[in-house]
2 protein chains.
Amino acid sequence: MVSNTDSSEALAQRLSDSGLRSTPQREVIYSVLLKKRDHPTAEDVFARAKPEMPMISLATVYNCLETLVQCDLVRAVNFERGPTRYCPNLRPHAHFHDEATGATHDIELPPGMLDQVKAVLPPHFDATSVEIIFRGKAPSKA
Amino acid sequence: MVSNTDSSEALAQRLSDSGLRSTPQREVIYSVLLKKRDHPTAEDVFARAKPEMPMISLATVYNCLETLVQCDLVRAVNFERGPTRYCPNLRPHAHFHDEATGATHDIELPPGMLDQVKAVLPPHFDATSVEIIFRGKAPSKA
DNA sequence: CTTCATATTTAGAATAGTTCTTATTCCTTG
DNA sequence: CAAGGAATAAGAACTATTCTAAATATGAAG
Ligand SMILES: [Mn+2]
Ligand SMILES: [Mn+2]
Ligand SMILES: [Zn+2]
Ligand SMILES: [Zn+2]
């Protein structure tokens, strides 16, 4: 189990590595993402942060999420044109979008899978990232 | 080479299979997509359709594109939160988004690649579709 | 052919999610 | 303690898209 202070120290470290400050808002938002990893939207994060920090604004939530994405502590995930969702899972993984429930599941990828997929690229296509999105029906209990 | 009448007959067939009518607007929009396969946005399609049909409205372009997607004649493609792009390539393929130019390239997939990727899914995850998106630098001439 | 019912198109209003602007507050450093 | 930059907050603005409502086209039935 990762303690609260561990993760906020990790956060502070990453932020200062990027020349940014650690702030109460950034800490609350990162902790919200770590606490419930269900790929919340910015509005979801806003709602979850408010009880802990009633004066926080939606603009700040967007700013902080963007900052966390820039620091590579969080991934932004998009399905079609729905609201962006945020994911603190840094391991290489794909996303499964359950069309019945709207839920998003992480699909861990075996090592080498991403390279295997990149191998389909013709010569001189140089990919900095590969994203895999599944859509369908997920098991009820997952 | 696919003749204009061939493709508009194929379109008429697909539409009537879905209980829909073939209309001049739908034909123009489909032909615009076939003519230049650079993954245009709805606005791009609107601009390209106008010379042939000056009275066409943007709402109709959206309506027709949606119809073509429903009929499985066209794929809608999204990158982050940019405008939706439209692709008439029906073969299984991935997309490569060139971050320098903004261009989108089709990446043909060897047969079996999608099944290979689906094989990473844990039991009881039933995917109806798999989408693969690359991001990076494409060769200048492609 | 007409008539009628319905599908489609159109123009513009409305919407959702996000970004921008500006003023204020908060730190950090000298 | 200043000064200066960084960050936040509130609300306006923006973009792509969808919705609404009225007009038009189409096609089946008589
Ligand atoms: Mn997506
Ligand atoms: Mn996308
Ligand atoms: Zn995830
Ligand atoms: Zn394509």
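Numbers restart at 1 for each chain; the letters A, B, ... are given by sequence-line order, proteins then strands.
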Checklist entry - Taking the side chain from Asp98(A) and the backbone from Ala138(A), do they hold a donor-acceptor pair closer than 3.5 Å? => result yes
Next on the checklist: Pick the closest DNA chain C nucleotide for Ala59(A) and for Val61(B) by heavy atoms, then say which residue is nearer the 5' end.
Outcome noted: Val61(B)
Checklist entry - So which one's nearest nucleotide on DNA chain C is more toward 5', Ile56(B) or Arg81(B)? => result Ile56(B)
Checklist entry - On DNA chain D, nearest-nucleotide positions of Ser22(B) versus Ala42(B): which is more 5'? => result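 The residue closer to the strand's 5' end, by nearest nucleotide, is Ala42(B).
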What integer distance in Å separates [X]:[atom1] from [N]:[atom2]?
X        : N       : atom1 : atom2 : value
Phe46(A) : dT19(C) : CZ    : P     : 16 Å
Asn63(A) : dG17(C) : CG    : C1'   : 15 Å
Met55(B) : dG12(C) : CE    : C1'   : 14 Å
Met53(B) : dT8(C)  : CE    : P     : 15 Å

Checklist entry - Which part of the nucleic acid does Thr41(A) contact within heavy-atom distance under 4.0 Å: base, sugar-phosphate only, or nothing? => result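 Here Thr41(A) touches no strand at all.
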Item to check | Sugar-phosphate only, base, or nothing, as touched by Thr23(A) at under 4.0 Å among non-hydrogen atoms | outcome: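 The answer is sugar-phosphate, as Thr23(A) gets under 4.0 Å only of primed atoms, P, OP1 or OP2.
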Checklist entry - Where along residues 65-77 of chain A does a heavy atom come under 4.0 Å from DNA chain D, residue by residue in number order? => result none
Item to check | With His39(B), the side chain to side chain donor-acceptor pair (under 3.5 Å) member among Asn89(B), Thr84(B), Asp44(B), Asp106(B) | outcome: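 For His39(B), the side chain to side chain donor-acceptor pair (under 3.5 Å) check succeeds only for Asp106(B).
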Item to check | Least distance between heavy atoms, Lys118(B) atom then Ala127(B) atom | outcome: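 Minimum heavy-atom contact is NZ-O, 3.7 Å.
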Checklist outcome for this item: Correct closest heavy-atom pair for Pro40(B) and Val45(B) would be CG-CG2, 3.8 Å
Item to check | With Thr67(A), the side-chain contact (heavy atoms from CB on, under 4.5 Å) member among Leu73(A), Leu20(A), Val74(A), Ile29(A) | outcome: Leu20(A)
Salt-bridge criterion met for [X] and [Y] (N-O under 4.0 Å):
X         : Y         : value
Arg48(A)  : Asp38(A)  : yes
Glu99(A)  : Lys137(A) : no
Glu131(B) : Arg75(B)  : no

Next on the checklist: Please tell me whether His105(A) and Phe134(A) form a close aromatic pair, meaning their ring centres lie under 6.0 Å apart.
Outcome noted: no
Checklist entry - Taking the six-membered ring for Trp, are the ring centroids of His95(B) and His97(B) within less than 6.0 Å of each other? => result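 No; His97(B) has its ring centre 6.0 Å or more from that of His95(B).
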Item to check | Opening and closing nucleotides of DNA chain D in contact with chain B, under 4.0 Å to non-hydrogen atoms | outcome: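 The protein-touched segment is dA16(D) to dG27(D).
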Item to check | Heavy-atom protein contacts under 4.0 Å, nucleotides 22-27 of chain C, coded B base, S sugar-phosphate only, - none | outcome: -----B
Item to check | Below 4.0 Å: OP1/OP2 of dT19(C) and any side-chain N or O of Tyr62(A) | outcome: no
Checklist entry - Is Lys50(B) atom NZ crowded by more than 12 heavy atoms from other residues, nucleotides or ligands, each under 6.0 Å away? => result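 It does not: Lys50(B) NZ has 12 such atoms or fewer within range.
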